[in-house]
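Below is one structure, written out as structure tokens, with a few remarks after it.
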Amino acid sequence: MPELPEVETTRRGVAPYCLGEAVQALVVREPRLRWPVPPRLAEQIAGQVIEAVNRRGKYLLFSTAAGSLLVHLGMSGSLRVVDPAQAPGKHDHIDIRLRSGACLRYHDPRRFGCFLWLEPGEQHPLLSHLGPEPLDGEFGGDHLYRLSRGRTSAVKSFIMDSKVVVGVGNIYANEVLFLSGIHPRRAAGRVSQARYGVLANNIKRVLTSAVELGGTTLRDFVGGDGKPGYFAQQLYVYGRAGEVCKGCGGLLREIRLGQRTTVFCVTCQR
DNA sequence: CGCTGACCCTGACGGC
DNA sequence: TGCCGTCAGGGTCAGC
């Protein structure tokens, strides 16, 4: 269920259990993820001390002296701390067992996630073409404006492209375009510099508050049901097609854009 | 290079 | 109750 806030919340939730801890064993019950779990992954990581848990876009990186574990939660993945004595349930594909006795359990019904291994210093192709982090200083309206010149695809697809900026998933793409008053189907190359400034600020604002919300709601990271934090927050358009626009009182419309459900207000977004 | 659509997989839900 | 189509918050990849 991860958009960037979930992934960041996962990182913050599991890091205290991992940092400085040695991996006792990696137990792979189901290797058929987005890409097969490398056959040697378990032996590569066994015995290694996790020195850092970082996030790049929606990827998590567990760094050790021997290399890094690269994890993506896909569409339906989650990673949480469990008691290793607890029997794995359906779709509990992988356990990262730590010497401390803690266990990180990876659950992913749709198996769109991945567990991969990076040698020290190796730049993985999955990471090498990623755009800036939306919450970093280098990301802003100017970046979006520059990259978008001449582009004819919809601005919504543009901001969801991880080569442009990472971490803007479907829910937040809908939300930030509404907040910015931009029609999702407008050609990316035909959005002004000023409006990209507004859009970039909204991306930062919404993702920041969602990370804080996620951190609050997922405080019971150990064991809890992990209800996504942003469900608690007010959504302006996502999941509200046919309902009343909070800006003008008109009805929100739904279209499909790049196979993704898109909700917007024809009056407030141009 | 940029854009579009197919595809990866399981589960939930609505209509009949 | 069951069957069928559609949809779901991720991303890659081939083909034009």
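In this text, all values refer to a predicted model and were calculated from it rather than measured experimentally.
- Residue-level contact check: A:Thr152 touches the backbone only, with heavy atoms under 4.0 Å from sugar-phosphate atoms and none from bases.
- In this entry the distance linking CG of A:Asp161 with C1' of C:dG11 reads 11 Å, nearest Å.
- Contacts of A:Phe158 with the nucleic acid, taken as non-hydrogen atoms under 4.0 Å apart, are absent.
- No contact: A:Arg32 has no heavy atom under 4.0 Å from any strand.
- Looking at residues two or more places apart in sequence or on another chain, you find a ring-ring contact (aromatic ring centres under 6.0 Å, His included) between A:Tyr106 and A:Phe115.
- The distance from atom CG of A:Leu33 to atom P of C:dG11 is 16 Å, rounded to the nearest whole Å.
- No contact: A:Lys163 has no heavy atom under 4.0 Å from any strand.
- Toward the 5′ end of DNA chain B lies the nearest nucleotide of A:Arg34, the other residue of the pair A:His91 and A:Arg34 mapping further downstream.
- Hydrophobic cluster membership differs between A:Val14 and A:Leu61, with clusters built from Ile, Leu, Val, Met, Phe, Trp and Tyr side chains linked at under 4.5 angstrom.
- For A:Glu122, the salt bridge (charged side-chain N to carboxylate O under 4.0 Å, His left out) criterion is met by no residue, not counting sequence neighbours.
- In this structure, A:Arg55 atom CZ and C:dG10 atom C1' are separated by 15 Å, rounded to whole Å.
- Annotation: of the two residues near DNA chain B, A:Leu147 and A:Gln259, the 5′-most nearest-nucleotide partner is A:Leu147.
- Think of the region where chain A sits on DNA chain B: with heavy atoms and a 4.0 Å cut, that region ends 5' and 3' at B:dG2 to B:dG11.
- Contacts classified as side-chain hydrogen bond (donor to acceptor under 3.5 Å, both in side chains) and involving residues 127-150 of chain A (residues at least two apart or in different chains) are given here: A:Arg55-A:Glu133, A:Arg56-A:Glu133, A:Asp142-A:Gln193.
- Residue A:Arg29 qualifies as enclosed at atom CZ: its count of foreign heavy atoms under 6.0 Å is above 12.
- For the pair A:Arg256 and A:Ser162, both in contact range of DNA chain C, the more 5′-proximal nearest nucleotide belongs to A:Arg256.
- In this entry the distance linking CH2 of A:Trp35 with C1' of C:dC13 reads 10 Å, nearest Å.
- For the pair A:His107 NE2 and C:dG10 P, the computed distance is 17 Å after rounding to whole Å.
- Where DNA chain B pairs in unbroken runs of 3 or more (Watson-Crick or G-U, both distances under 3.5 Å), the stems are B:2-8 with C:10-16, B:10-16 with C:2-8.
- No single ILVMFWY cluster, assembled from side-chain heavy atoms under 4.5 Å apart, contains both A:Tyr236 and A:Leu251.
- Nearest heavy atom pair, residue A:Ala52 against residue A:Leu19, reads CA-CD2, 3.7 Å.
- In this structure A:Arg32 satisfies the salt bridge (charged side-chain N to carboxylate O under 4.0 Å, His left out) test together with A:Glu30, sequence neighbours excluded.
- B:dG11 and C:dG11: their P atoms are spaced 22 Å apart (whole Å).
- With hydrogens and angles left out, the side chain of A:Arg111 and the base of C:dG10 share no donor-acceptor pair within 3.5 Å.
- Under the 3.5 Å distance criterion, the side-chain polar atoms of A:Arg195 are matched with a main-chain donor or acceptor of A:Gly181.
- Between the C1' atom of C:dG11 and the CG atom of A:Leu70 lies a distance of 13 Å, rounded to the nearest Å.
- We find that NE2 of A:His129 is positioned 10 Å from P of C:dT12, with the value rounded to whole Å.
- Atom pair A:Asn170:CG and C:dG10:C1' shows a separation of 10 Å (rounding to whole Å applied).
- When all heavy atoms of A:Asp108 and A:Ser76 are compared, the closest pair comes out as OD1-OG, 2.6 Å.
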